[in-house]
Amino acid sequence: MRGSLLVDNIGELVTNDIGGEGGPLGIRRHAAVLVEDGQVAWVGPARDAPAADRRIDAEGGAVLPGFVDSHAHLVFAGDRAAEFAARMAGEPYTGGGIRTTVGATRAASDDELRATVRRLRGEAMRQGTTTIEIKSGYGLTVADEARSLRIAAEFTEDTTFLGAHVVPAEYADRPDDYVGMVCGPMLAAAAPYARWIDVFCERGAFDVDHARAILACGQAVGLGVRVHANQLGPGPGVQLGVELGAASVDHCTHLTDADVDALASTGTTWVSGFELTTVATLLPGAEFSTRSPYPDARRLLDAGATVALATDCNPGSSYTSSMPFCIALAVREMRMTPAEAVWAATAGGAAALRRTDVGRLARGARADLVILDAPSHLHLAYRPGVPLIRQVLHNGVPQCRP
């Protein structure tokens, strides 16, 4: 759909334009946004809005950048509802259920996997997520990891090779051999479809030496680094991520003072020193689903670390695609203010993906907008579980209403 589009009658506009006015969210009142060719062409007072070919009336609602979900596992088959029920009955989460999904994923056809990704991608879009990262990690063979990423690349440009999710059963007694395969033929097959490489650096998964070797191999072929770190207990994952200049270390549930200091030392904004910042990506859906302690976002923020929120959408430990739900959890359980949580779910996610074209509404940014059926961003936490997303624009194109 060509031509210009004006979104006006906006009660509160969240721009995340930290160079302007309106606090950390760059809030403007009674504003309008002009969209041309899929980009934001103008932002300003509604009274000064230029003429446009088409118009969307926000009806006094709040308008935000589309949510940026920087951690999701959408390529899988089957579900683990019984595992969830067992956890709710008292069984601890150990990460062992990943292998259940591996078996189902290997047995699924391409079309079955593609249908799952399409369903979950659409579900996320209806809840305001316009940018999403998608990981592999449930194939764990050369062919299955490559096809998982090939399918993921049909839905996003931010694809992550996670061949080092767990050591599959057939290599249980030969972890060194599996790491060799990940670094060799699996990486060679996966890299053409991936932007990032990730490792689950955790007890029961990959130790720090294996993780470092795998990530270094990914860097050598041009992939950016991400790390699953410190989810199940204290460990070396955060320090490894900072050492390697990772864009993001994810989970960060169990942190030492040294971990917090390391994250804070890498940078504090997504503009100044952007390329050097290692973002702490927090995944409260996982703690909700596993009854684990929540990360202490307040501690990270007060130290000066950059924080993102993401869903960790996966069939075992966080089967949610809802960024609004994660925002509400972050405010209630992780001591974030509503403004901090919204920033983390938009600009923070963009920083975790090292993207400057999303997560903000300023001239030249991609025209990804969420229109709320509410007057303020505060309602995302104030009214948890309520479907507040009235309309979503992706690349300037209105999507189906929820």
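For this chain, numbers begin at 1 and follow the sequence in order.
- Arg106 pairs by the salt bridge (charged side-chain N to carboxylate O under 4.0 Å, His left out) definition with Glu170, not counting sequence neighbours.
- Side-chain atoms of Asn314 come within 3.5 Å of backbone atoms of Asp312 as a donor-acceptor pair (strictly under, hydrogens ignored).
- The backbone N or O of Ala352 lies less than 3.5 Å from a partner atom in the side chain of Arg226, making a donor-acceptor pair.
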(request) Start with the C-alpha distance between Leu64 and Val342, add both sets of side-chain angles, then the distance that settles side-chain contact (heavy atoms from CB on, under 4.5 Å), and finish with yes or no. (result) CA-CA 9 Å; Leu64 292 74; Val342 166; 3.7 Å; yes

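- Contact detail for Ile56 and Pro398: the closest heavy-atom pair is CD1-CG, 4.1 Å.
- Side chains of Leu282 and Leu300 form a contact here, defined as non-hydrogen atoms less than 4.5 Å apart.
- For the pair Arg87 and Phe84, the NZ or CZ position fails the cation-pi test of under 6.0 Å to the six-membered ring centre and within 45 degrees of the ring normal.
- Residues satisfying the side chain to side chain contact (heavy atoms under 4.5 Å, CB included) criterion with Ala146, sequence neighbours excluded, are Ala189.
- For Arg363, the CZ atom is loosely surrounded, since the number of other residues' heavy atoms within 6.0 Å does not exceed 12.
- Listed for the Thr105 side chain is a donor-acceptor partner under 3.5 Å among the backbone atoms of Thr101.
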Contacts table for residues 320-327: side-chain donor-acceptor under 3.5 angstrom, sequence neighbours left out:
{"from": "Thr320", "atom 1": "OG1", "to": "Ser322", "atom 2": "N", "distance (Å)": "3.1"}
{"from": "Ser321", "atom 1": "OG", "to": "Glu123", "atom 2": "OE2", "distance (Å)": "2.6"}
{"from": "Ser321", "atom 1": "OG", "to": "Gln127", "atom 2": "NE2", "distance (Å)": "3.1"}
{"from": "Ser322", "atom 1": "OG", "to": "Gln127", "atom 2": "OE1", "distance (Å)": "3.1"}
{"from": "Ser322", "atom 1": "OG", "to": "Phe325", "atom 2": "N", "distance (Å)": "3.1"}

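- At least one side-chain heavy atom of Leu140 sits less than 4.5 Å from a side-chain heavy atom of His165.
- Judged by distance alone, the side chain of Arg80 and the main-chain N or O of Thr100 form no donor-acceptor pair under 3.5 Å.
- The nearest pair of heavy atoms linking Val227 to Ala246 is CG2-CB, 4.4 Å.
- Between the Thr156 side chain and the Glu133 main chain, no donor and acceptor come within less than 3.5 Å of each other.
- Below 30°, between 30° and 60°, or above 60°: for Tyr138 and Phe76 the angle between ring planes is above 60°, a perpendicular geometry.
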(request) Test side-chain contact (heavy atoms from CB on, under 4.5 Å) on Leu255 and Asn230 and set out the steps. (result) CA-CA 7 Å; Leu255 299 181; Asn230 300 55; 4.2 Å; yes

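- Rounding to the nearest 0.5 Å gives a distance of 10.5 Å between OG of Ser148 and CZ of Phe161.
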(message) As a quick check of understanding, evaluate side-chain contact (heavy atoms from CB on, under 4.5 Å) for Val238 and Thr256, giving each step before the final call.
(response) CA-CA 10 Å; Val238 166; Thr256 65; over 6 Å; no

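- Side-chain contact of His71 with His228: a donor-acceptor pair under 3.5 Å is present, judged by distance alone.
- Scanning for side-chain hydrogen bond (donor to acceptor under 3.5 Å, both in side chains) contacts around Glu145 gives Ser136, with sequence neighbours left out.
- Of the N and O atoms on the side chains of Thr311 and Asp69, at least one donor lies less than 3.5 Å from an acceptor on the other residue.
- Remark: Arg332 engages no residue in a side-chain hydrogen bond (donor to acceptor under 3.5 Å, both in side chains) (not counting sequence neighbours).
- Distance alone, capped at 3.5 Å, places no donor-acceptor pair between the Ser289 side chain and the Ala286 backbone.
- For the pair Ile197 and Leu215, the minimum side-chain heavy-atom distance is below 4.5 Å.
- Using a 4.5 Å heavy-atom threshold, the side chains of Leu361 and Asp17 count as separate.
- A side-chain hydrogen bond (donor to acceptor under 3.5 Å, both in side chains) check over residues 232-242, counting only residues at least two apart or in different chains, returns the pairs Gln239-Asp259.
- Considering all non-hydrogen atoms of both residues, Thr281 and Ser70 come closest at CG2-OG, 3.8 Å.
- Ion pair Arg390/Asp373 flagged as a salt bridge, since at least one NZ, NE, NH1 or NH2 atom sits closer than 4.0 Å to an Asp/Glu carboxylate oxygen.
- Asp110 meets the salt bridge (charged side-chain N to carboxylate O under 4.0 Å, His left out) test with Arg147, Arg150; sequence neighbours excluded.
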Can you give me every donor-acceptor pair (side chain of residues 377-387, partner residue at least two apart or in another chain, under 3.5 Å) with its distance?
{"from": "His377", "atom 1": "ND1", "to": "Glu12", "atom 2": "OE2", "distance (Å)": "3.0"}

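- Checked by atom type and distance alone, the side chain of Glu202 never pairs as donor or acceptor with a backbone atom of Ala229 at under 3.5 Å.
- By the salt bridge (charged side-chain N to carboxylate O under 4.0 Å, His left out) test, Glu154 is found to be paired with Arg114, residues two or more places apart in sequence or in another chain being considered.
- Residues satisfying the salt bridge (charged side-chain N to carboxylate O under 4.0 Å, His left out) criterion with Asp368, sequence neighbours excluded, are Arg366.
- Contact detail for Phe155 and Val117: the closest heavy-atom pair is CD1-CG1, 3.4 Å.
- Between Val370 and Pro65, the closest heavy-atom pair is CG2-O, 4.1 Å.
- Between Met334 and Leu329, every side-chain heavy-atom pair lies at or beyond the 4.5 Å cut-off.
- Side-chain contact of Thr253 with Glu287: a donor-acceptor pair under 3.5 Å is present, judged by distance alone.
- Within the 4.5 Å cutoff, the side chain of Val68 has heavy atoms near those of the Leu353 side chain.
- The side-chain hydrogen bond (donor to acceptor under 3.5 Å, both in side chains) search around Tyr319 returns Arg119, not counting sequence neighbours.
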(request) Show the numbers, then the answer: is there a side-chain contact (heavy atoms from CB on, under 4.5 Å) between Leu187 and Val182? (result) CA-CA 6 Å; Leu187 176 60; Val182 171; 5.7 Å; no

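- No hydrogens or angles considered: nothing links the side chains of Thr160 and Asp198 as a donor-acceptor pair under 3.5 Å.
- Checking side-chain atoms of Arg354 against main-chain N and O of Thr277 turns up a donor-acceptor pair under 3.5 Å.
- For the pair Val179/Pro175, no side-chain contact is recorded, criterion being any heavy-atom separation below 4.5 Å from C-beta on.
- Using a distance-only test at 3.5 Å, with no hydrogens or angles considered, a donor-acceptor pair links the side chain of Gln399 to the main chain of Val397.
- When each of Thr159, Asp144, Val75, Ile134 is checked for a side chain to side chain contact (heavy atoms under 4.5 Å, CB included) with Leu149, only Thr159 meets the rule.
- Under a 3.5 Å cut-off, the side chain of Asp79 and the backbone N or O of Ala81 do form a donor-acceptor pair.
- Here the closest non-hydrogen pair linking Cys252 and Leu263 is SG-CD1, 4.5 Å.
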(message) Between Asp250 and Ser248, is the side chain to side chain donor-acceptor pair (under 3.5 Å) condition met? List the steps.
(response) CA-CA 6 Å; Asp250 299 23; Ser248 180; 2.4 Å; yes

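- Pairs engaging residues 205-220 under the side-chain hydrogen bond (donor to acceptor under 3.5 Å, both in side chains) rule: Asp176-His210, Arg212-Glu243 [sequence neighbours left out].
- Under the 4.0 Å criterion applied to side-chain N and carboxylate O atoms, Arg298 and Asp296 are not assigned as salt-bridge partners.
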